[in-house]
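See structure below.
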Amino acid sequence: MRYLPLSDGDRTEMLAKIGAKSIDDLFVDVPAEARLSGLIEGLPTHASEMAVEKHMRKLSKKNLAAADAPFFLGAGAYRHHVPASVDHIIQRGEFLTAYTPYQPEIAQGTLQMLFEFQSQVARLYGCAVANASMYDGSTACWEAVAMASRVARGKKKKVALSGALHPHYAEVVRTMAKFTDDEIAGAPPSLTPRPDDDGLIARIDDNTSCVVVQYPDILGRLPDLKRIADAAHEKGALLIAVNTEPVALGAIAAPGDLGADIVVGEGQAIGVGLQFGGPYLGLFAVRDEKHVRMMPGRLCGETVDAEGKRGFVLTLSTREQHIRREKATSNICTNSGLCALAFSVHMTLLGEKGLRSLAAENHRLACIAADRLSAVPGVTLLNEHFFNEFTLQVGRDARELVRDLADKGILAGVSLGRLYPDSEGLDDALLVAVTETTTEEDIEVFCDALKEALS
Amino acid sequence: MRYLPLSDGDRTEMLAKIGAKSIDDLFVDVPAEARLSGLIEGLPTHASEMAVEKHMRKLSKKNLAAADAPFFLGAGAYRHHVPASVDHIIQRGEFLTAYTPYQPEIAQGTLQMLFEFQSQVARLYGCAVANASMYDGSTACWEAVAMASRVARGKKKKVALSGALHPHYAEVVRTMAKFTDDEIAGAPPSLTPRPDDDGLIARIDDNTSCVVVQYPDILGRLPDLKRIADAAHEKGALLIAVNTEPVALGAIAAPGDLGADIVVGEGQAIGVGLQFGGPYLGLFAVRDEKHVRMMPGRLCGETVDAEGKRGFVLTLSTREQHIRREKATSNICTNSGLCALAFSVHMTLLGEKGLRSLAAENHRLACIAADRLSAVPGVTLLNEHFFNEFTLQVGRDARELVRDLADKGILAGVSLGRLYPDSEGLDDALLVAVTETTTEEDIEVFCDALKEALS
Amino acid sequence: LEEPLIFEIGDTETTGVDFEFASKLDLAGVEQPAKPTPASETTSRLGDFARSEAIGLPGLTEPETVRHYTRLSRQNYAIDLGLFPLGSCTMKHNPRLNEKVARMPGFADVHPLQPVDTVRGALEVINELAFWLIELTGMHSVAMSPKAGAHGELCGILCIRAALEARGDAREVVLVPESAHGTNPATAAFAGYKIEDIPANEDGRVDLEALKARLGPDVAGVMITNPSTLGLFERDMKAISDAVHEAGGFVYCDGANFNAIVGKVRPGDLGVDAMHINLHKTFSTPHGGGGPGSGPVVLSEALSAFAPLPYTARTKDGVVHLVEEETADSFAEEHFGGKLHSFGRMTAFHGQMGMFTRALTYILSHGADGLKQVAEDAVLNANYILRSLEDVLHAPFAHSGPCMHEALFGDKGFAEGLSTLDLAKALIDEGYHPMTMYFPLVVHGAMLIEPTETESKAALDQFITALRSVAERAKGGDESMKAAPYYAPRRRLDETQAARKPVLAYQEAVPEASSTGMAAKYGGG
Amino acid sequence: LEEPLIFEIGDTETTGVDFEFASKLDLAGVEQPAKPTPASETTSRLGDFARSEAIGLPGLTEPETVRHYTRLSRQNYAIDLGLFPLGSCTMKHNPRLNEKVARMPGFADVHPLQPVDTVRGALEVINELAFWLIELTGMHSVAMSPKAGAHGELCGILCIRAALEARGDAREVVLVPESAHGTNPATAAFAGYKIEDIPANEDGRVDLEALKARLGPDVAGVMITNPSTLGLFERDMKAISDAVHEAGGFVYCDGANFNAIVGKVRPGDLGVDAMHINLHKTFSTPHGGGGPGSGPVVLSEALSAFAPLPYTARTKDGVVHLVEEETADSFAEEHFGGKLHSFGRMTAFHGQMGMFTRALTYILSHGADGLKQVAEDAVLNANYILRSLEDVLHAPFAHSGPCMHEALFGDKGFAEGLSTLDLAKALIDEGYHPMTMYFPLVVHGAMLIEPTETESKAALDQFITALRSVAERAKGGDESMKAAPYYAPRRRLDETQAARKPVLAYQEAVPEASSTGMAAKYGGG
C-alpha cells in the first residue's frame, strides 16, 4: 500500500516491543463475535493510482461541466473565473495539510490569513466584525437566527423570514427551529417586480426576535434593507441580511451600511468554485461589535508574543463547545478554512478596484441578457431591479423547458418549480444568472434555443 | 496588468528620484530611428486570464490526448503513469521558481535533490558518476561523442554509430560533427530479428574514438553490449550506450555493468510526461570516475559547511563555460532541473521494487500485444527480443496505416517511414510501444482495427 | 522578514485581475476589437441600490499575492512537514491523487442544480461512497449532507428526536460520558436535550451497571464515542446498546475514531443506531487549517425514515439508492412500503461533494484490504508509542489493555510548576506539533497522542526520542520550558490580551477619510 | 531537523506505487477479479539480457516522499519568497496560469510523433508563438527547437557558419566583447571558431572604430549582447551591423536581455542576423532550479534557409508557416524559389513544447501593450536601484547614461579584506538572494542587480535599505561579514573540498553485499 509506510519487518519488530504476539492481540477488546476475521465481503481490494484515476475520470466525464455549455445557473451558487494562483496557493502543503491553529506559535500562516479574511468580510458586509467562516450560507443563516434568539435572551419567539429567502436556507432554518422553540413565519415568494417589503414589515411585532431578508433575493430583486431595518429596530428586532452572491456587493450598498445587524451569506462565488454544492463558505458578520460575544464560530484576534511581536490567535473560545460543552454558542467545531483561504486570496487579487470591475462586468452582461431574452416572444422579465440574476416568466413549465434545453447542451438556469416543488403558481418562472464567464455568444445561443423551444 | 506591480503614481515618483522626465528618457541610448513610438502593429493587446485560458483550452482541444485513445507510440518518448504527488512537488514555488543553485547556503533543497538524482541515475545506469542532467537524450548523446573525442585528445577521428540508433539522435550527432572534425559512420537499421552487432564491431578500428549503441535499439531489439564493449576496448575506443526508455533498466542489465564507458539517455519516461517532445531530460553518466573531469554539464557534490554540517554544492565548475569560456567542456549552461526533480521524485516513489514491478508489467503487456498483433493475418513480428517496444511488418505502407487508424481514433505507433523518410525498404515497418497504461482492451481494439485495415 | 498584512501592502486601486481586453486573441495578426456591448448602451438595473461608499478592500498584483501567501504558509506546521501527533484529530497523510481527482472538471465545475441527466457521474460518486460507508459500518442507510462531524452529530440526534416524536415519546435526557468530545453535549443541548453524565469504571470505560441503572423512560439515548477518547475500545458496547434499546432509547456513536476499527468491526453489529463519520479523519480529506469537513451519518433501519434529504439507503434487493426531495415519497412507497418522515434539510444542496470525491478516491485506493490495514497500522503505531513512553510518562490507562489508535498520558510526575502546556511548547522546539492537551478532561494534564498509520517506524522512533527528552526535562524541573517555544516563528502568544481586548479586524493606524478610509469604523475592541 | 538522503531513509523493498490490483473497481459490490493475463502465460522476450544484479534504488511510500521533498524545498530561496536580484538572469514572477495551461491534456499528454492531424492545436501553439517572436524582433524566421539559450547561440552560430560555407567562404574568427556571457565564446569555439576580443570604450560599450579596424575577410561575425551585460544599450548597434555586413560577416546578438527592450526596439531594425531568446527570461517560463530552458532563434532573411528543422518562417504573403522535415523542400520551392539548406537537426522532436505553451500564455496575457510596459518597468526599476545606491556603492558606468534592465556596481571603496562575496553572503542574512557577482569580468568585484518588472516599489525600497546597510558595513570594515551567512540553512560551504575530493554520488556508510550493496562501487573519488 503506497500510503502505509510500515513494512512487515517493522510490524514484527513493533509487536515485539509492545509485547503482543499478533496484531489481533491489540484488538482483544473488540468482542470476538463482532470482530471481523477476514475482509468485508463484496468489497473490492486496493487499486493502483492509475486505476483509481481512470475510474474517477470516467465518472467525471458523465457530467456536463459548466465550461462545456452555455451556462446560466445561479440560485445560490455562481460560476466565476477563479485565478490559477488561488488554486496554487490552497494546494501549498503548509495550508492544505495544517490543522486548526490551536498552537499559534506554529500556525501564524493560517491565523494571519484568517485575520485578513475576517477583515475583508467585515468590510465587504459593512460590519464591525466577521468570524473565521462557517459551513455554508444556509447554516450561517440558521446560526444567525439562533444568535438573534440569544440576543433576545429567549424572550422573543418569532422569526420573520422573507418569502424571497432561498428556499433551502428557509428549510434549514425551519428544520433546526423545529427542535428549538422558535416560530418561523415565511412563505414562497410572490412573482412581483419588486419584493414585498411592506408585507414583511407588517409581520414584524414585539415578539419578533429577527427578520431575515435575502439581498439580492432569490428572484434577483433588491429589497429596501434600510426601510426594513428601521421597521425591525422599531420593534426591537434584529435584521439579518442574507447574501448569496458576494460579487453583488461590489455594485450595491453593503447590508451593514443599510442597517442590517447580522449579515450572513455564501462566499462560494469568490475563489471557491461550483463543486456540485460543496464545500462552500459560510460568511458571518455583525454590524456592532457589542454582539461579538454572542457570535458563533471561530474568531481570530490580534495580540503580541512574549517578545512583543504582533501575532494572531484564536480567541473568545469561551463561546465554543470544546470549552463550554453544552453551554456553547454553537455546536460547530469546524470552519471552512481552506475555502476561506481561497476567498481571501481571490479577494486580495481583486482588491476593491477588481471587485468593482468584476461586478460591473457581471451587471453589464446581465443587462444584455435580460434585454435580449425578454425580447424573445412569450418571455417576460419580472424584475424591476437586479444585479446578475433575474427571473423570466416563460409561459410554459420551466422545469421541462430546462430539461429540453439541457438536451441541446444548454444549461438554461434554475426553474422555480425545482426550488419550490410544492408551491403553486411558480411553474413558469426561470431564474437566469449571468457572470463574467458568460459570453455574448452564449446569450445568443440561449435566445435562439429559447425561441425555438417556445414556438 | 495583473503581473506588473508598479502604479502610475509609483512610476512618477521613481522617475523623479532618477531624475528623468519620462520613461523615454531612460531609452535615450536606443537610436531614435529604431525606437518604436507606439505599439507594434498587428499585435493584440493584453487579455484577461479568463480569455487567455479559454483561447489556450481551445487549442488544447484540437489535439487528441493520449488518454483519449488506444495509444501505442514510443520511439524515444514513452507514456507512463506519473503519480499525482510528482506534479504536486514540482509545483512547489521553492522548486519551481528557484534559480540555479549557485548560492548553496540557500539552495540546499535543489542541491540535495540533485545529489540524490545523480546517485539514482548512476545506479540505474551501473555507473560511478552521473551529472545533474542535460537538455535531452539526443543532445546528451552528442555530448558523449564530443567527450569521447576529448578523452582521445582529438587523436581519433572516427565515430561508429550503430545503425539502430534513434535517427534523431544520429542526425544531431551528424549535425554537430559537421562543425568539428569528427567523421561519423552510420546507416539506417536493417530489418533483422537481432541487431547487427557483428557489422558494427567490424567497423571499429584504431582511429575510432567511440562506438554508439542504443539499448534497447530503435527497433526495440537488444544489442549485445558486452561483446561490443570488449571489441571497442580492444581498439582503444569508448563504448557509449544510449537508452531512451529508463523503465527498461528495471528488467535488463545496466549498460555500465556490461562495459559501456559512457551511458546517456532520455529520462522522460520517469516522471516527466510526453509534452509533445519537450522539455525532456538528458541523462549522462560515466562508468569510471577517472573520466569525471572530462564530463560536460553540472555536477553536484557533497561537502561540509563552516560548522561541519553536511551540505551540497555545484562543483568541478572549472569545466564550465562561465569559468572556462571558450575552453569549457560544453557550451551548455542550463540543465533540465525541474525535469530532474520530477524524475527523482518518481524514482523515489518507485524504488527498486516499484521499478522492477513497473518493468515487469510493461514487459508482460508488451508480450501479450506482440503475440496478439502478430497473430493478425499479414502481420509479422520482427524482434527476437524486446522490452516494451517491438517492430511489426505489416505488408503495406505503415505511414498510411497509422494515418488510417488515427482516423478511427487509434494511435497505432510510429512508422519507420516517418523516422527515415529518405530510406528504402523500411516502409512496411511499424514500431509499437506498450506500457502499463495500455490495457488489454486497448490491444484488442488495435488488433481488430488492424485486421480490418489489412484485409 | 516579517510578513505585513494585506492592508499594509495593498491599496484599493491595485488589482491582480484584468478585465479590459481591447482585442480578440487571434493569430491572424490583424487587430480585431472584440467590440463588447459597452455598458453605456445598457441602462443599469440597480436603481437606488448602487453602491456609493468605498469598501476599503486592498488589492495586490499576482506576484505580490503569490509571495504574500507563500511566505505566510511557511509559518505553519503541517503534515507535509512532519508527524502531527494530535490525538482524536487524526492528522494523516493527504494523498495528492485525491486533490487531482477533486479538480476534474466534471466534479469541480458542475452546479448543484443542474438537470439530473447532466450530473449522473456526480450522483454516482455520492452513491458509491454511500455504498462503502454502509458496507463498512454495517448500517442501513446514510445521510450524506452534513457538513462536518459536529453537523453530523446534530443530524444523528435529530433523527433520534424525530423517531421518538414520531412515536409520541417525549424523552428529555441524553446520557454522555465525561470523556466525550465537547461537540457531543453541545449538540444534544442544541437539540433541546438535558445532558447527564455516564460514569466510568476504573478502566476508563463506561460503567455498564451504572448506565443500566440510569436508563428509563426519560432517556432518549446515549452518545458514546467508540473507540473512546481515552483511546480504548468500549468492550461492552453491544450490551450497552441492548440495554438502551430495551429501555426504548437510541444509541448514538461518535464516529470520530472510526479510523481505528474500520474493517475490523462494524458498528452496526454492535447495535449502534446512528454514527457520523469524519471523512477527514478516517478517509483523509485534508484538514485545510480548520476545514472544510464532511460528516455523513450512517443510520440503523429504525432511524432511516427520519433522515434529512438527500440521503442514500439500501433497499431489500441490496441495491443502494440516492434519495432526493423530488423522489423521496415515491421511493419510500415503493421500497419501504410507506412515507419517509424526513426531519427536514440540514444544508443547501447535497453536502460536501468535493470531500466525497476525495474520500471515495481514498477508499478505492485502499480497498477492503487496505482499509483493514489502516486500522491495524494505526493501532499498532499507537501501542508502540504507548509502550515506548510509559516508562517516562504516566499512562493512566496502560493497565486497561491495548489502546486503539491513540495513546493517553497524564502529567503525574512532572516537577512542580511545569505543566503539560510547557511540555507541549517545548516539543515545538524539537520540531513537532504538540499532541492534544488537557483532553480528555478525565485525566489530569492529559496528553493524547495519535500517530496515525501514515507514519513510518523511523518517524515514530525520532518522535519518541524527542518526547522522551522533553518528558525527562519536565520531570527534572527544567524551568526553561516555561518560556518555550524559542525557535518557532513566534514565542508564546498573549491569549489573555487577545480575549480581553479583542482586535478582530484590521484597523488603519491613522484613521483617515481616504479611499481606504472606512477604517475608523472597523476598530476592533 | 536535518533532512536525510533518500538512501538513508528508503530501502529497495519499499515502494510508493501499487501495481497488484486483485479486483476491478465496481460499485456493484461483487468482487470481480480483473483476471489479467498472468506473466507466466507469456514467455519473457528478454533472453539473456534480463537483469540479474540489484540496482540499489531506495524507495519511499507516498507520505514519506511528499514530506522529504517538501522539507527539502524549504531550504531553497525562490522568487515566490522574495526579490531575486540576479543580474542577467531575470528572475521574475512566474504566472500560475502558465502552469495550468501547460498541464492541459492536449498539450501535456500528446506524443511528438502522433499523426499531424491529431496535433493541430500543438502545431498552432508553435506557430502562434513563432509569429509573436518574429513580430516582436522584426526578423524573418525562427528556429524553434533549441533547448536553451546556449543551445540557441549554437544554433545561430551554426546558421552563420552554414551560410558562409554555402558561399564557399571559410572564415575563422568570431569577435566577442570581454563583457559577453561565458556561453558566447564557448559556443563559437564549439562551432570551430577562434575567438578574439572586441575592445570597449570608456562608456563600457563596443569601440566601433576598433571593431571596424579589425573586420576583414577572416571574420565570420560578431557576437554582441545587447543590451550588454553592463546593463547598457549598444548605441552603435546599427553601425556595427552595417560594418560587419559590409565586411561580409554576420551579426549574432545574444538576446538574453531582450526583456529590457521588447516592444521598444526590434533587433531586426538594428541589422541583427540571428538572436536567441531565453523564454524563461523574457517570457517568464520558470527557472526550476536550473532549467529546463528554451532558446528559439530568430533569423534574418540571409540566414533563414540554413536553419535547423523544424522551424517557422514568414512567407511573402505575411503568413507564418511551420516547416518540418517532411515538407521542407516542397515548402522552400513554393515560397522561397529554391531548396532549404538546413544545417541539420539540433535535438530530437520539436523543442521545448511545454515552455512554448507557457511563453505563449504569458505573451497573450500581456499583449503588445503589456510587453512594452514590461520593458519600461524593468528599466525603470533598474534605474531606480542604480540611482538609489550609487552614493553608497561604486557604479562604474553610472556616467554612461541610464542603464537598461540591470544596474552594475563594483567593490571599490570596500574596506581592506572584505569582498563582493562577503557582501553577497551578508545579504543572505538580510533575507535576500545575492545579486550576480564577479560578472561581467570587466568590473572589479562586480555586482549586477536586475530587479525585473514584477517587483513593486515597496519591495525595491525594502531591498535598497537592506543593500545600503550591508554596503555600509562592507565599507566600514565589519569583519563579521566574512563568516556570513549566519541565518541560512547552511553556513558557508567548503567548495574547495568539494572540488578536490569530489563526492558525486551517495556511498553507503558501511559497504556491504546486501540488497543495496552495490554501494562499494559507487564511492566518489
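Note that the coordinates shown come from a computational prediction; the quantities given were computed from them, not determined experimentally. Chain naming here is simple, since letters A, B, ... match the order of the sequence lines and numbering starts at 1 in each.
- If you measure heavy-atom distances from D/M355 to chain B, the contacts under 4.5 Å come from both the backbone and the side chain.
- Heavy atoms of B/K61 lying under 4.5 Å from chain D are absent altogether.
- Salt-bridge formation is detected for the pair D/D109/B/R79: a Lys NZ or Arg NE/NH1/NH2 atom is positioned less than 4.0 Å from an Asp or Glu carboxylate oxygen.
- Residues D/T347 and B/S138 bring a donor and an acceptor atom of their side chains to less than 3.5 Å of each other.
- For chain D, the nearby part of B/L411 is the side chain; its heavy atoms alone come within less than 4.5 Å.
- Only the side chain of B/T139 comes within less than 4.5 Å of a heavy atom of chain D; its backbone N, CA, C and O stay farther away.
- For B/Y99, the parts lying near chain D are the backbone and the side chain together; criterion is any non-hydrogen pair under 4.5 Å.
- Ring-plane geometry between D/H151 and B/Y135 is classed as tilted, the angle between the planes lying from 30 to 60 degrees on a 0 to 90 degree scale.
- For a residue to count as touching a neighbouring chain, one of its non-hydrogen atoms must lie under 4.5 Å from one of that chain's; by this rule B/V304 touches chain D with backbone and side chain alike.
- For the residue pair B/E116 and D/H68, a side-chain donor N or O sits within less than 3.5 Å of a side-chain acceptor on the partner.
- Heavy atoms closer than 4.5 Å to chain D are found in the side chain of B/I23, but not in its backbone.
- For the residue pair D/S73/B/R92, the side-chain donor-acceptor check at 3.5 Å is satisfied.
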**OP:** Could you please spell out the steps behind the side chain to side chain contact (heavy atoms under 4.5 Å, CB included) verdict for B/E49 and D/S365?
**Re:** CA-CA 7 Å; B/E49 182 176 308; D/S365 294; over 6 Å; no
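- B/I89 touches chain D through its side chain: at least one heavy atom from C-beta onward sits under 4.5 Å away, while N, CA, C and O do not.
- If you measure heavy-atom distances from D/L136 to chain B, the contacts under 4.5 Å come from both the backbone and the side chain.
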**OP:** Give the intermediate values and the outcome of salt bridge (Lys or Arg N to Asp or Glu O under 4.0 Å) for residues B/D371 and D/R45.
**Re:** CA-CA 11 Å; B/D371 289 347; D/R45 310 299 170 86; 2.3 Å; yes
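- Proximity to chain D involves both the backbone and the side chain of B/L358, based on heavy atoms less than 4.5 angstrom apart.
- Proximity to chain D is absent for every atom of B/R174, based on heavy atoms less than 4.5 angstrom apart.
- Note on D/K147 versus B/D136: salt bridge recorded, some NZ/NE/NH1/NH2 to OD/OE distance being below 4.0 Å.
- If you measure heavy-atom distances from D/V66 to chain B, the contacts under 4.5 Å come from both the backbone and the side chain.
- Contacts of B/L15 with chain D are made by both backbone and side-chain atoms, with heavy-atom separations under 4.5 Å.
- A donor atom on one side chain and an acceptor atom on the other are not found under 3.5 Å apart for D/N94 and B/T97.
- Environment of NZ in D/K372: crowded, with over 12 heavy atoms of neighbouring residues, nucleotides or ligands closer than 6.0 Å.
- Residue contact with chain D, scored on non-hydrogen atoms closer than 4.5 Å, is absent for B/P421.
- Between D/D269 and B/R35, no side-chain nitrogen of the basic residue sits less than 4.0 Å from a carboxylate oxygen of the acidic one, so the salt-bridge criterion is not met.
- Looking only at atom types and distance, the side chain of B/S85 has no donor-acceptor partner in the side chain of D/Y69 under 3.5 Å away.
- Residue contact with chain B, scored on non-hydrogen atoms closer than 4.5 Å, involves the side chain of D/K425 exclusively.
- For B/D25, the part lying near chain D is the backbone, with the side chain staying farther off; criterion is any non-hydrogen pair under 4.5 Å.
- Ring-centre distance between B/F276 and D/H111: not below the 6.0 Å cut-off.
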Original post:
After noting the C-alpha distance and the side-chain angles of B/L350 and D/L57, does the key distance pass the side chain to side chain contact (heavy atoms under 4.5 Å, CB included) rule?
Top reply: CA-CA 9 Å; B/L350 287 166; D/L57 290 169; over 6 Å; no
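- The minimum heavy-atom distance linking B/I106 with D/A488 is given by the pair CG2-CB, 3.9 Å.
- Between the side chain of B/R298 and the backbone N or O of D/G290, at least one donor-acceptor pair lies under 3.5 Å.
- Both the backbone and the side chain of B/L249 come within contact range of chain D, with heavy atoms under 4.5 Å apart.
- The residues B/D87 and D/R103 are annotated as salt-bridged, a charged nitrogen and a carboxylate oxygen being separated by less than 4.0 angstrom.
- For chain D, the nearby parts of B/V30 are the backbone and the side chain; heavy atoms of each come within less than 4.5 Å.
- Residues D/R490 and B/E105 are not paired through a salt bridge, judged by the lack of any N-O separation under 4.0 Å between the basic side chain and the carboxylate.
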